[in-house]
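A short worksheet on the structure shown next.
Every heavy atom of this structure was used, including side-chain atoms; hydrogens, water molecules and symmetry mates were not. First the proteins, then the strands, lettered A, B, ... as listed; each starts at 1. For clarity, every value in this text was computed on a predicted model and none was experimentally measured.
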Amino acid sequence: MNVMYFAWVRERIGLPYEDIQTDAATVLGLVDELRAREDRYAAAFADISALRVALDQELSDFDAPLAGVREVAFFPPMTGG
Amino acid sequence: MTVRVQHAIFDAGAELNAFSKGAGVGAVVSFTGLVRDTDGTLHQMEIEHYPGMTERAIAGIVDQAKVRWALDGVLVIHRFGALPVGAPIMMVATKSAHRADAFAAADFLMDYLKSRAPFWKKETTKDGTAWVAAKDDDEAALDRW
């Protein structure tokens, strides 16, 4: 699936997006896999209460299932307007 | 309904004049947000967004407004990229037969665009760059609706 990062999450990980093969059942499972990869991921996902997640471009939750999802995006709370 | 997500600058006055046309329209409300320099240290504001989700999220917010209030039209323009101090960032306009609907819908749209449309602001000041943190008040404002 395509995993995207925005704002300081993108800066901390050092990538705007990447293709990730995962068997994780939920967003939280994917986060755990990412955290285990490298320090920069562990740092970005240290406190998920400071993050939001979108699944296929719809705002979602960290306990949401990943079945059928093609695009996951992680970002901080939005500051539009 | 018109939604535009763009880097290019826009002329809020010209947009408003064009938007205000319509025989049944009795009330137009608009808001324009500008890059503000509160203490004389801001060099520029950089706005990042999530292409695709941005348009979809704004359209969803506009659809909610259209269900809740009697509107003849909605205009949303939101810019991204590097913007200088004083530049327009975004504008919202609503039109309706009566002012109450136009005011309420514009207020609702602003509250939702602030914390439910995927934009992130980054400020460059004389001290460096920093992402603008979302405020608890912005999230709390959604409870009004």
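Both the backbone and the side chain of A:Ala7 have a heavy atom closer than 4.5 Å to some heavy atom of chain B. Contacts of A:Arg52 with chain B are absent, with no heavy-atom separation under 4.5 Å from either backbone or side chain. Contact of B:Lys122 with chain A is made through the side chain alone, with heavy-atom distances under 4.5 Å.
A salt bridge links A:Arg10 to B:Glu48: at least one charged side-chain nitrogen sits closer than 4.0 Å to a carboxylate oxygen. Salt bridge present: A:Arg37 and A:Glu18 bring a charged side-chain N and a carboxylate O closer than 4.0 Å. In this structure, B:Arg116 does not pair ionically with B:Asp111, as no charged nitrogen and carboxylate oxygen lie closer than 4.0 Å.
Side chain to side chain, A:Tyr41 and A:Glu33 fail the donor-acceptor criterion of an N or O pair below 3.5 Å. Side chains of B:Trp131 and A:Glu11: a donor on one and an acceptor on the other come within 3.5 Å. Inspection of the A:Asp19 and A:Gln21 side chains reveals an N or O donor paired with an N or O acceptor under 3.5 Å.
In terms of heavy-atom proximity, B:Ala93 sits nearest to B:Leu16 at CB-CD1, 4.1 Å.
Heavy-atom neighbours of chain A within the stretch residues 52-72 of chain B, taken at a separation under 4.5 angstrom, comprise B:Gly52, B:Met53, B:Arg56.
Counting only heavy atoms from C-beta outward, the side chains of A:Phe62 and A:Thr26 never approach each other to under 4.5 Å.
Ranked by non-hydrogen atom pairs under 4.5 Å with chain A, the options B:Lys135, B:Met91, B:His78 are led by B:His78.
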